[in-house]
Every structure is written in structure tokens, then in C-alpha cells.
Amino acid sequence: MKPAISVNELTKWFGEGNLKTFAVREVSFEAYFGEILFIVGPSGSGKTTLLSMISGVLRPSSGTVAIDNVNIWQLGSDQIAEFRLNKVGFVFQDYHLFPRLTTVENVAIPLILRKQSWDEAISEAAHYLEIVGLKNKAELPPMKLSGGEQQRVALARALVSQPDLMIFDEPTASLDGETGRRIMDFVKNNILSDQRCILIVTHDSRILDYADRIMKMEDGRIIGFENGRNN
Amino acid sequence: MKGILKLAFKLLVNDKGKYAALLVGITFAVFLMVQMTSIFSGILTKASSTVINLGAQVWVMDPSVTNVASSIPLPSYVLDAVRSIDGVKYAVPLYSGGALVKLESGVFQFVTVLGLDDNSLLGRPELIEGKIEDIYAENAFIAVQDTEISKLGNPRLGTEFEINDHRGVIVGLARVSVSGLFGVPTLYTTYSKAIQYIPSTRFTVAYILVEPKSHDAIAYIQDQVRLLGYEALTKQEFMQKIADYYKYQTGLGTNILIMTAVSFLVGLSISGQTFYTFILENLEKFGALKAIGAKGNELVYMILFQATFSALIGYGLGVGLCAFVITLAKLRIPEYSANITFTTLTFALVMVLIIAGISSYIGIRKVLKIEPFDIFRS
């Protein structure tokens, strides 16, 4: 398989001198197109920090991250923003949907940021809402949707820019088991493709079955890989 | 960019409560600022009412005169000297002074008396009742029909009164474009009758009204009058002198300035605080936008647009409300002194844009500081 992500000696520390704390230490790994890679570990193990550095959100202290052979941290800040916009789809833990916008407008945000016209963006976003099964909820504000539906709206928003890399931060943390499984089924069957790599940070052992590989972290280091049942 | 601005627009106006509070703050500030400055502008116009109503192009006066009501009598040779200046078509004396009249009811009332040149009647008002030639009759006066006329007992033609133990008769009712500032009725008569009926100083010419042969002659006339030790001002210059007096020498300008500054601060604090709260409540969302791929300058445009849009809508509402209140007031009090001028509107627009600038600066600082990483950590 072609590597989608190449992480080399990636390190992040916060503070200086005696207050210097390592969040991630010399982490190296590759993730591939067509793969769902889970990152698991206890709180404070550095999962979210690692995810942030890979997705171009947090600048590493040292090391490199190459996405599709582009070393992203050599890019300028505007180029990194464009990289995130065009290459990465985020599904945040709390979804971060805009309560004052309708569901379809929420989904259209990445397209609007890409300078697509409003009408074009809304019509494309409606298509993605249809994919996640929420076509009939397009004009509702997100707060009128259930947790699972909000998660699907966040999914549609991440998908709409057709990213190479999808980042899920605790995607099932606020969902019941049944809804969580339905979401993961959808991710596996509809979102994963040969042109896409999916990274999922989770504490939720109920969804580990969906992993191709599981990367375990502790104290900022990788302590091992496991093949998932999906493999 | 249009899509991003529409997004900013929806984020702003869909939060109806906050948006309404924001608009109320700005509208209130604009209303107060425009109202204050309009009243001031109205006061200045009324302070120059005699200059406006008489309409003479050039006024000759003592250089110490600060406003039209405090004239310093000129020796009569000045009138002759002015008449002899090249470029003067004609020059006439004007009497301007105050007098106490005793009405038929026995009530005493202070009035302003304007004595027009007997030959030309330069500066005569437009009559709505009576004939102008009747002003030459014995004891004849013309009363200005404005809101102050009720203080003379709403006289009709033939109404009599006493002025300095002389009999006075109303022979005409006149309309003027601007009534006076001090709430005193105005009577017109001839110059000769005015100095005959009203106790006067040695010199009786309050102002010399000059009609130049051409506009180009004005500068020369002004120079020649200056050589005489007096001052010749055009109508606009005299109005400006009066305005400067009220602005800088009476405390009126300072008080209005303070009230306007207070209005500005009230508007700034309400809208600034509301906008700041709006940004704070949406901070995570702006962080999410950043994480998704919005660039810093795009977020700046969004916030600037939101602040400017609110400011301009608030400005429109504020000006509209002010115009409504002034119109309403003028329906009840026709001589209510408030004028919304282009200067007033421009001033308020600049101030409201400053409010928008400061409000958005606070928001922009906050939004630019948020790290998208914080969104993951939250």
C-alpha cells in the first residue's frame, strides 16, 4: 500500500527549562491509503498532540510529517491552512457545529472557505447530507438533531472537501453503543477508500473492531502496533 | 470572499438576541450623537437668524462684536465712509436693539426691534398680512409671526401696545425663515422710528448692510473697512463668527461636545461589550474554522464585516430615529431648533465607524490568538 502519512522522529514539548514537558517523543510511523489506523492510549499519552501535528494544526518541536510525500511543516502558515482545507477532514469530539447555521450550511463551510459560490456550496453540501442520510434535516439547526445525527453532520462536513486524510477525535465518546457502531459502519463502508487514510483517536474499546491497525501510545511514545479485526 | 462574508452575515444575524443588543447599542449611540449635534446646529442657525433673515451680503461692524445680539454702535461717519468705497453699490444702516413693550393686557414683554433703512427697507421680511408701505405710518411696527408671537398676545393688524411711553401699532405680520434663539418676539420698524422710540446711545447704527457692485469687490471693501478700524464680513463669515462665539466662548459648544463624547462612550461600551461577548461565545467556532482551514485574514474579514455591517445598520436606524424624533418635535413645536446637516451625519458616521473599529479590534485580537489545537484539547 502507498503511505499516506510518514511521521519521522516527531517530538513535541511544551514549556522551557525545568517546566519542559514532553507530550510526544520521537514518534515514527507510516499510515497508508485505504487504512483505518486507530491511536489508543490512556489520557495524557500524547494521542491528541500527535494527531494535531499530523493534521497541520500544531507545529512540532522537531521531526517531520509528510502527507502524500509533502513535508507539511515546511509550508508557510497560509499554505498549511490550505493544506488542512484541501487534504484533511476533521471530525471533532464535540463536533463544533455552528448552532446559528442550518445543517446544510454547516456542511458547506469547507467549500465556502474554498471560495466556492454560496449556492454551489449549499447544493454540494446537500448531496453529502444525503450520503449521511440526513437530507430531510438539511434546513434544521444542528441543535435540533440527536447526538448521532450531529455526528453525521460533522462527518458530512469533513467529507465534503473530499480529503485524503480524515481525522476523528473520539468520534463515539458521546454516543451510545448502538449509534457509535452505526457511525463506524458508515465510516468503514462509505468513507474509507483506496485514496483515503483515516486516523481515529479513541478511548472507546467498543469500536476497536473497525481498525485495520491499532497504534498504542503511552507517555508520548509508541509502545506497539496491533492488527485490528478489520484487517 | 462573498461566500465567507455571507457566512459571517448569517453567524451574526442568526444570533437574534445578541444582534438586537448590538444594534440597540449602536442605534442609541448614533441617535444621541446626531441628536446632540443637530440641536447644536439648530442653535447656531437660530443664533444667526438676524443675519439669515436680513440677507445682506456684507455686514460692517465693530471688530469686537461677537454675535449679532451684542452689536456695538458705529459712528455715522463710518456709514458715509463705507458708501464712498469703490465697489459699494449701496450701504444702509441697521438698528438692532431690545426694548420693553407694555401690552394691552398690562403685561410687559421684552422684544427685539430691528430698524430697517427708511429709504430701501433692505432686509424687510415677507409679509403674510398687511402692506409693507404701512411701515412708514406713525407708530407702525411689523410683528414676526413665529412661536414667540403669542408672548405679544397674538396681535392682529391694529393691535396697539406701548413702547417706551410711545404708542405702537401692528401694521403687518411677517414670516421669516429662521426665528431667534432667545425666545423673544421680533418687531420690525424703520431705522428713524427705532432711534426715535427706543432709548439709544450716542451712536445708533448697529450694523451697516452693504450691497457690493460685484462679488469680486468684496475683498477690496473688506480691506478698506479694515483701514477705517472696523470689520466687514460676508454673511457666511459673520455666521461663522457667531458660531465660533457660541462654540468656544459660551461653554455651549463644550457642553455639547461632552454630551456627544458621553453618547459615543455609551454606544462604544454597549456595542463593544456585546460584540466582544458575541466573539467570546463563538471563539471555539472560530477556532474550528481555523482548524478546518480558514486563514487568519479571512477571519479578520469576517469580523470586520460583522462589525461594519452592524455599525452601518445601527447608523441607519439611529439617524432614522433621530429624524423621526425631530420631525415629531417640530410638529409639536414648529420652531424646535434641531437641524440634521451633512456635517452632523458625516460626524456620526465617522464616530460609528470608530466604534466598529474598536469593537472589531477587540474581537480580532481574541480570534487571532486562539489556536486550532485548543479545539482538540477542548
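Convention: sequence-line order gives letters A, B, ...; per-chain numbering from 1.
Using a 4.5 Å cut-off between heavy atoms, A/R157 contacts chain B through its side chain alone, with no backbone atom that close. Interface remark: A/I109 contributes side-chain atoms only to the contact with chain B (heavy atom separation under 4.5 Å). Both the backbone and the side chain of B/L289 come within less than 4.5 Å of a heavy atom of chain A. Both the backbone and the side chain of A/T49 come within contact range of chain B, each with at least one heavy atom under 4.5 Å from a heavy atom of that chain. When heavy atoms are compared at a cutoff of 4.5 Å, A/E170 does not approach chain B at all.
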Report task. Check the pair B/E298, A/K115 against salt bridge (Lys or Arg N to Asp or Glu O under 4.0 Å), reporting the backbone distance first and the verdict last. Result -> CA-CA 11 Å; B/E298 288 168 342; A/K115 318 270 189 298; 2.4 Å; yes
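Residues of residues 19-27 of chain B placed with any heavy atom under 4.5 Å of a heavy atom in chain A are absent; none qualify.
In this structure B/F305 satisfies the ring-ring contact (aromatic ring centres under 6.0 Å, His included) test together with B/F309, sequence neighbours excluded. With sequence neighbours left out, the side-chain contact (heavy atoms from CB on, under 4.5 Å) criterion links B/K16 to no other residue. B/F286 is linked by a ring-ring contact (aromatic ring centres under 6.0 Å, His included) to nothing, counting only residues two or more places apart in sequence or in another chain.
No donor-acceptor distance shorter than 3.5 angstrom exists from the side chain of A/R100 to the backbone of B/L11, with no hydrogens or angles considered. Between the side chain of A/R84 and the main chain of B/A294, no donor-acceptor pair closer than 3.5 Å is present.
The distance from the CD1 atom of A/I122 to the NZ atom of B/K6 is 7.5 Å, given to the nearest 0.5 Å. With rounding to the nearest 0.5 angstrom, the NZ atom of B/K295 is 8.5 Å from the CG atom of A/L113.
Counting non-hydrogen atoms of other residues, nucleotides and ligands closer than 6.0 Å to CD of B/Q273 gives a total of 12 or fewer. Heavy-atom contacts from other residues, nucleotides or ligands closer than 6.0 Å to NZ of B/K247 number more than 12. Within a 6.0 Å radius of CZ in B/F28, other residues, nucleotides and ligands contribute 12 heavy atoms or fewer. Within 6.0 Å of CG in A/D219 there are 12 or fewer heavy atoms belonging to other residues, nucleotides or ligands.
Contact detail for A/F90 and B/A291: the closest heavy-atom pair is CE1-O, 3.0 Å. The nearest pair of heavy atoms linking A/W118 to B/L7 is CZ3-N, 3.7 Å.
Highest contact tally toward chain B, considering only A/I112, A/L58, A/L111, is held by A/L58 [criterion: heavy-atom pairs under 4.5 Å].
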